[in-house]
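Treat the numbers as computed from the prediction; the structure is a model and nothing was measured. For reference, positions follow the sequence shown, starting with 1. In listed order, ligands and their atoms are each counted from 1.
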Amino acid sequence: MSTESRSNFLKTQIQADLDGQVMGQLVTRFPPEPNGYLHLGHAKSITVNFELAKQFGGRCHLRFDDTNPEKESQVFIEAIQDDVRWLGYEWHGEVRFASSYFQQLYDWALHLIDHGLAYVCDLSAEEAREYRGSLTEAGRDSPYRTRSPEENRQLFTGMRAGEFPEGSRVLRAKIDMASPNINLRDPILYRIRNAHHHQTGGDWPIYPTYDYAHGQEDAIEGVTHSICTLEFEDHRPLYDWFIEHLPVPSRPRQIEFARLNTSYTVTSKRKLKQLVDSGAVSGWDDPRMPTLAGLRRRGYPPAAIRHFCEEVGTSRSDSVVDVAMLESSVRNHLNESAPRAMAVLNPLALTLTNLSQPETLSVANHPGNEAMGTREVPLTPELLIDADDFREEANKKYKRLVIGKRVRLRGAYVIEAERCDHNASGEVVRVYARIIEGTLGEDPADGIKAKGVIHWVSASSGVPAEVRRYDRLFSDPNPGKSDDVLAVLNPDSLRVIDTAVLEPSLAHAQPEQVFQFEREGYFIADRFDHSGGKPVFNMTIGLRDTWSAVNA
Ligand code: ATP
Ligand code: MG
């Protein structure tokens, strides 16, 4: 299937719905549970819901599905809003909460009771499991299924009043214990839970289940299309059953699509939490995490993530997308948007033997975009180059600095190496080179061209910095498959480089500014740790996909 048709399956269905019915405006929603940070999979759901609303001139809500208070918190509520905005979307109206519909949901539960469609059941969890049956075996009716509406009403209002201990009874829908779809075997609507809720405090000793709450929340908000992932396909008959049997103000439609799975990535909140709790990463926003907060801190542009989600498309069959596709989108965006600068990560001293006076060079910030302007870079007699860019002797394939050979200093002159100093262990500690006169923006007059270009910084005016080099967090392409994500960590996913020296202009970088460090990759000034006095840069991504070459 082409990308075009794959990405259009939701669009086509929605268009048909809008054409066929007097539905008015398309309304979608993004419904996170505030029990963790958003990850790349959520970015997919966000882009699907917000982009569809945009394309059809509709609106998209942000609704917290906060029906499990024990695992939820205000911290996540705020982080999720930040992340949605960072990704580039603004929801319609106020942020919404499932918990603000608790009274309505409760009233509708009484409605089901009064119509003989729900009952209070006293089976223990274990008994209920036995009665439920299996995929091959029908369930059996609970002995409490025949309670009268009056008795059910009395017991349910008692549950609401906090008269019964946790786990002692539940409210169930009365549907069909023999249904081949287990979700229809008298599913639970309410549980007793003596939990403090971040929004409703101690108001409610009972909480609705996701299955009971979700469709009605959609209906209350006038959501027309409740777009979710494939694991909810078998829940759709139940979703529709509630909508059919309750006096809801609108009739939303659930449509499922395949989750986004990406190689080398874990997108289960439980597993991400394990990484955080174990200290394997520094937090939910560690730049190696596939959380939006982590990707942000890593320097992934939101537009690149949106573009990736768009490119992946939506389909109804599960697959794993190569993470290299996301990385390529990141590179493409940064190649356009990131100003160039020079930083030497592993410095080697280089003395220019024939430069008597420092010079100030004007260097373009972007080779393909004049509008990005120029900056001043000081050229001084003492420079630093990367140790990998010099060899005493080398064959023709080595296009960097070699004694007796020429190389161009990026944005500056062609130089020729003359000699070098060694330390007691024989390592090169300083290179001496001379500038070939008249080579600023020109080839040497003698016709002996430079073989390559290397980056450099002034030793006297360069700025020391901490640089964090990141690699993939996992060494296994399918880390989610492993029960223990800690067992498949890449031991070299973070290397802190404390020898880096930046060109002086980078001392003025603002947190979250991304640069291409020439010949090294893309780097972002850390959102939290960077300051002009102590620059800290995180590596966003290398210039080329060295990973697949190395691991092929
Ligand atoms: P997890 O499995 O990590 O707990 P979740 O799906 O339970 O995630 P929610 O907060 O309930 O997390 O998710 C909010 C929305 O994001 C849901 O509609 C869900 O279907 C969607 N979503 C979550 N993960 C993905 C994914 N990998 N691809 C597409 N959509 C996703
Ligand atoms: Mg969920």
Side-chain angles (χ1 to χ4, degrees), residues 6-7 9-10 28-53 60-73 75-81 83-84 87 89 91 95-99 209-211 213-215 217-218 221 223 225-236 239 252-276 284 289-295 305-306 308-321 323 326 478-481 485:
R6 259 192 295 151
S7 58
F9 110 89
L10 284 170
T28 57
R29 85 286 170 269
F30 172 61
E33 193 179 340
N35 62 351
Y37 279 67
L38 297 182
H39 52 59
L40 194 55
H42 293 121
K44 176 70 201 167
S45 175
I46 294 169
T47 53
V48 164
N49 282 293
F50 281 91
E51 291 295 335
L52 283 170
C60 182
H61 298 175
L62 173 63
R63 178 175 72 233
F64 286 105
D65 230 323
D66 56 344
T67 54
N68 278 308
E70 291 98 333
K71 290 185 177 162
E72 300 165 1
S73 87
V75 174
F76 297 134
I77 289 176
E78 269 144 42
I80 287 171
Q81 294 181 65
D83 286 345
V84 173
L87 196 56
Y89 298 104
W91 48 92
V95 61
R96 293 151 212 259
F97 292 88
S99 55
T209 55
Y210 173 89
D211 275 335
H214 199 82
E217 294 160 11
D218 287 337
E221 293 182 6
V223 166
H225 289 80
S226 184
I227 298 162
C228 62
T229 37
L230 280 179
E231 69 271 23
F232 291 105
E233 190 174 12
D234 290 345
H235 298 240
R236 189 181 349 121
Y239 185 102
R253 168 170 186 204
Q254 175 179 307
I255 308 182
E256 310 86 18
F257 71 99
R259 296 176 82 82
L260 171 66
N261 301 304
T262 313
S263 60
Y264 294 98
T265 312
V266 156
T267 48
S268 143
K269 276 186 252 182
R270 189 175 55 77
K271 289 180 177 168
L272 293 174
K273 187 169 184 305
Q274 196 189 345
L275 292 169
V276 174
W284 287 96
M289 290 282 273
T291 52
L292 296 190
L295 297 173
I305 299 172
R306 295 198 303 268
F308 165 71
C309 290
E310 189 81 10
E311 218 178 13
V312 166
T314 46
S315 80
R316 284 192 51 89
S317 52
D318 281 311
S319 61
V320 178
V321 177
V323 74
L326 171 63
N478 189 357
K481 193 183 55 187
V485 285

Nearest non-hydrogen contact to atom 31 (C) of ligand 1 from the set Gly36, Gly41, Ala258 belongs to Gly41
Does Arg316, at its CZ atom, have more than 12 non-hydrogen atoms belonging to other residues, nucleotides or ligands within less than 6.0 Å? yes
Atoms in ligand 1 flagged as close to Thr267, the criterion being non-hydrogen separation under 4.0 Å: 3 (O)
Can you tell which of Ser45, Ala43, Ser226, Pro290 gets a heavy atom nearest to atom 21 (C) of ligand 1? Ser45
Would you call Glu33 and Lys71 a salt bridge, using N to O less than 4.0 angstrom? no
Check: Arg259 N/O within less than 3.5 Å of ligand 1 N/O: yes
Do ligand 1 and Thr229 have nitrogen or oxygen atoms that lie under 3.5 Å from each other? yes
Sub-4.0 Å heavy-atom approach of Glu231 to ligand 1: no
Determine the interplanar angle of the Tyr239 and His214 rings, folded into 0 to 90°, and report it as parallel if under 30°, tilted if 30 to 60°, perpendicular if over 60°. tilted
Atom pair CD1 (Ile80) and CZ (Phe64), whose distance is rounded to the nearest 0.5 Å: 4.5 Å
Charged N-O contact under 4.0 Å between Glu221 and Arg29: no
Below 4.0 angstrom from a heavy atom of Ser268, which ligand 1 atoms are there? Numbered from 1 as shown, please. 3 (O)
Is a salt bridge present between Glu217 and Arg96, judged by a nitrogen-to-oxygen distance below 4.0 Å? no
Does Phe232 reach ligand 1 with a nitrogen or oxygen that is under 3.5 Å from one of the ligand's nitrogen or oxygen atoms? no
Near Lys271 NZ, under 6.0 Å, is it more than 12 heavy atoms from other residues, nucleotides or ligands? yes
Contact partition for Arg270 relative to ligand 1, non-hydrogen atoms under 4.0 Å: neither
Any N or O on Asn35 sitting closer than 3.5 Å to an N or O of ligand 1? no
